[in-house]
Amino acid sequence: MISKYYLWTVGCQMNKADSDKLAAGFDRMGLKATDRMERADIVVLNTCSVRQHAEDRAYSKLGRVRELKAEKPALKVALMGCMVGLKTDDLEKRFPHVDVFARPQQFDGILGLIESPHEDLGGEFWPSTYAIPEGPAAYVPVVHGCNKFCTYCIVPYRRGREKSRPLDEIVREVAYLTVHGVREVTLLGQTVEAYGHDLPDQPDLGDLMRALSALEKLHRIRFLTSYPKDMTHRILEAVAELPKVMECFSLPIQAGSDSVLDSMRRGYSRAEYTAKVTEVRGLMPDAGITTDIIVGYPGETDEDFEATCHLLEELRFDKVHVAAYSPRPGTIAFRKMEDDVPANVKADRLHRVEELEERISQEINLGYVGSSQQILIEGVRKEQPFGRTRTGKLVHLDAPARVGSLVDVRIAHAGPFSLRGAVEDSLALV
Ligand code: SAM
Ligand code: SF4
């Protein structure tokens with residue numbers, strides 16, 4: 001009899017959302033969650049494959065599960081997420097103690113492990129099964145998969161092609177979330193502006209945000225991750241016009257050199273990307289913009305890397321997520337390019353981007369000191385409430401504030417990674 005489940009998750013917000021959905025399904029079937037693997041009847045590892053480091057974490061977890069299953073042969077084990085491709089022969093050979101390998105969102109095989117009869121939960125996206133939110137801010141996947149096939153990236157092979165959820169289904173889910181205390185949603189997609197192109201009447205992300213804006217108890221809407229070529233002027237105008245949509249963009253560039261961008265098959269040049277940032281800032285001068293950078297991509301020269309540093313100086317992002325190139329078997333880069341930038345050079349470049357970015361973020365954040373910012377109180381850590389500005393900056397508060405409330409905060413201190421301030425006014429909207 002399976003009554004307790006242990007669910008372990010690494011990776012992006014999409015993985016977190018998938019796990020929440022699976023947990024909601026388990027809960028609906030009467031199972032109870034446990035945070036101790038030893039106490040579980042079923043263990044699910046929801047994995048990430050974007051970089052080797054993330055896979056290594058899953059391997060170490062799989063080692064522990066192997067020991068546990070030797071002690072308790074009835075234990076059911078599922079490996080889910082981006083480590084699972086179309087073919088699972090290799091994984092089956094390496095991990096015979098795993099009962100089911102499930103690709104992202106392919107929950108049926110996992111549910112099949114549970115002997116008690118279960119109802120049909122509605123297919124791939126379980127339209128009628130929603131996760132109970134953990135706080136006032138929730139993630140909502142709106143478009144799954146990716147069609148872009150950047151040379152270094154495993155995601156399209158593991159998450160499949162872009163597939164949008166029907167607009168009314170998303171509105172229903174968000175309405176449910178607001179009844180359970182959610183006041184801010186982050187709309188998720190690997191390329192979130194691709195939303196809707198595959199639906200019958202082709203709504204775009206702006207149409208979706210407009211429909212969600214009509215939900216009275218929802219106060220703020222975010223979206224990520226943006227792909228420059230999919231980000232149309234129409235969508236940007238909707239972001240600028242709709243008061244509930246936050247001026248907050250996650251817009252990965254990956255490299256500042258045209259030859260590297262070209263080799264990555266990103267589909268835009270440095271100048272086109274820069275024009276997109278200019279367009280965003282033209283419509284929303286205070287917008288917060290973060291980006292992603294890969295250093296040490298095959299063939300990246302010192303000049304290419306300097307071009308990336310110059311770009312960071314020129315565009316001044318609020319935050320940069322930087323990663324060293326990690327060859328991913330199955331990708332175009334893995335098959336066709338040599339991983340020829342030595343590890344120590346990758347580490348130096350990574351460090352330089354981090355240093356550069358810390359300085360720029362600190363300078364930008366100092367500009368917030370003295371200003372008044374709208375914050376949604378998301379939670380309390382070490383007795384300090386925290387939340388984010390409309391531009392995505394993390395803010396810690398000096399005095400108690402109610403979780404879920406929308407407050408105006410006067411910023412008093414700024415560090416490179418967060419701000420600190422005191423509540424001036426609680427807005428009427430709670
Ligand atoms: N869709 C988004 C985009 O277009 O940039 C990002 C999704 S990807 C899962 C998240 C980030 O992981 C990427 O922005 C990239 O910087 C990083 N990444 C992906 N593949 C990588 C690789 N092979 N090595 C290092 N970093 C990688
Ligand atoms: Fe990966 Fe490129 Fe798709 Fe982003 S757009 S998920 S980097 S293939």
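Counting convention: from 1, in listed order, for ligands and their atoms alike. Note: hydrogens, waters and symmetry copies are ignored here, and every other heavy atom, side chains too, is used. In this chain, numbering begins with 1 at the start of the sequence shown.
Aromatic ring orientation, Phe386 versus His396: tilted (interplanar angle from 30° to 60°). Ring geometry, Tyr297 versus Tyr152: the interplanar angle exceeds 60°, so the pair is classed perpendicular (tilted spans 30 to 60°).
At a heavy-atom cutoff of 4.0 Å, ligand 2 is contacted by no atom of Thr225, backbone or side chain. The backbone and the side chain of Val50 each have at least one atom closer than 4.0 Å to an atom of ligand 1 (non-hydrogen atoms only). Residue-level proximity to ligand 1 for Lys148 is absent, since no heavy atom of it falls below 4.0 angstrom.
Under a 4.0 angstrom heavy-atom cut-off, His321 registers as lying outside contact with ligand 1. A heavy-atom separation below 4.0 Å is found between Ala324 and ligand 1.
When the side chain to side chain donor-acceptor pair (under 3.5 Å) test is applied to Asp41, the partners found at least two apart in sequence or on another chain are Ser3.
Considering only non-hydrogen protein atoms, atom 4 (Fe) of ligand 2 sits nearest to Arg266 NH1, 4.1 Å.
Of all atoms in ligand 1, listed by their number and element, those nearer than 4.0 Å to a heavy atom of Pro252 are 3 (C), 5 (O). Proximity to Arg328 (heavy-atom distance under 4.0 Å) selects the following atoms of ligand 1: 23 (N).
The option from His53, Gln190, Gln254, Lys346 that lies nearest to atom 15 (C) of ligand 1, judged by heavy atoms, is Gln254.
Protein contacts to atom 1 (Fe) of ligand 2 involving N, O or S atoms at a distance below 2.8 Å are Cys153 SG.
Looking at every heavy atom in both residues, Arg270 comes nearest to His310 through NH2-C, 4.0 Å.
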